[in-house]
Amino acid sequence: QVQLVESGGGLVQTGGSLRLSCAASGRTFSGYNAGWFRQAPGKEREFVATIRWSNDYRLYADSVKGRFTISRDNAKNTMYLQMNSLKPEDTAVYFCAAVLFSTSWGSRNPYDYDYWGQGTQVTVSS
């Protein structure tokens, strides 16, 4: 199994930037496809971005495309989410998630991911 821990959340003004990190331990992170999801109060968990285990393919939700960048450093067992031009509607708890590379890549469904971090709060003030 792999354990995931997010960090980097906080309070930022509209238009600001944050960089989230997801540190993996327990198993080699390169063996997993991974992604970021978010959940706002009273809403379902929604897809943000995903990256293939080989670090060569990425997918983004339309709502963040052009503003957020997902990346990973398998040597450091870490995944990142660079968030620019933040908007109040980006306010949510952000979760990183992972699933073994042998499964189909690119799912936007949170139920297709087996491992989750505890989440980190991102608040964007207007």
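In terms of modelled atom types and a separation under 3.5 Å, the side chain of Q13 and the main chain of S125 share no donor-acceptor contact. In this structure, E6 contributes its side chain and G119 its backbone to a donor-acceptor pair below 3.5 Å. Listed for the N77 side chain is no donor-acceptor partner under 3.5 Å among the backbone atoms of S25. Under a 3.5 Å cut-off, the side chain of T120 and the backbone N or O of S7 do not form any donor-acceptor pair.
Side chains of T91 and E89: a donor-acceptor N/O pair is absent below 3.5 angstrom, by distance only. No hydrogens or angles considered: a donor-acceptor pair under 3.5 Å links the side chains of N84 and S17. In the model, N109 has no side-chain atom that pairs as donor or acceptor with a side-chain atom of S107 under 3.5 Å.
Seen from the ring of F29, R72 counts as a face-on cation partner, given the 6.0 Å and 45° thresholds. Geometrically, R45 engages F95 in a cation-pi contact, judged by NZ or CZ lying under 6.0 Å from the ring centre and within 45° of the ring axis.
For the pair R58 and R52, the minimum side-chain heavy-atom distance is 4.5 Å or more. Between Y115 and V99, the closest side-chain pair of non-hydrogen atoms is not below 4.5 Å. Counting heavy atoms from C-beta outward, S54 and F101 have side chains that stay 4.5 Å or more apart. R108 has its side chain out of reach of T50: every pair of non-hydrogen atoms, C-beta onward, lies at least 4.5 Å apart. Inter-residue side-chain proximity for R38 and D90 is flagged as met; some heavy-atom pair is nearer than 4.5 Å. In this structure, R67 and K87 have side chains that are in contact, with non-hydrogen atoms separated by less than 4.5 Å.
Atom CG of L86 sits about 5.0 Å away from atom CZ of F68, to the nearest 0.5 Å. Here the CH2 atom belonging to W53 is positioned 11.0 Å from the OG atom belonging to S102, to the nearest 0.5 angstrom. From N55, atom CG reaches atom CG of N33 across 11.0 Å, with rounding to the nearest 0.5 Å.
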Determine, step by step, whether I51 and D56 satisfy the side-chain contact (heavy atoms from CB on, under 4.5 Å) criterion, reporting the C-alpha distance in whole Å, the side-chain angles of both residues, the deciding distance to 0.1 Å, and the verdict.
CA-CA 8 Å; I51 187 166; D56 51 1; over 6 Å; no
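In this structure, M83 is a member of the same hydrophobic cluster as V64, with clusters built from ILVMFWY side-chain heavy atoms closer than 4.5 Å. Side-chain heavy atoms closer than 4.5 Å link hydrophobic residues (I, L, V, M, F, W, Y) into clusters, and following such links, possibly through other members, connects M79 to L100. Placement of L4 and Y80 in two distinct hydrophobic clusters is found when ILVMFWY residues are connected by side-chain heavy-atom separations under 4.5 Å, directly or transitively. If you chain together hydrophobic residues whose side chains sit under 4.5 Å apart, V2 and Y94 fall into the same group. Cluster annotation: V93 and V12 are assigned to distinct hydrophobic clusters (Ile/Leu/Val/Met/Phe/Trp/Tyr, side-chain heavy-atom contacts under 4.5 Å, transitive).
Residues F37 and Y113 bring their aromatic ring centres within 6.0 Å.
Within 6.0 Å of the CD atom in Q118, the count of heavy atoms belonging to other residues, nucleotides or ligands exceeds 12.
Nearest heavy-atom pair, A49 versus Y60, reported as atom, atom and distance to 0.1 Å: CB-CD2, 3.6 Å. T78 approaches S21 most closely through the heavy-atom pair CG2-CB, 4.3 Å. When all heavy atoms of A92 and A40 are compared, the closest pair comes out as CB-N, 3.9 Å. Closest non-hydrogen pair, G106 versus L59, comes out as O-CD1, 3.6 Å.
Taking the charged nitrogens against the carboxylate oxygens, K65 and D62 do have a contact shorter than 4.0 Å, which makes a salt bridge.
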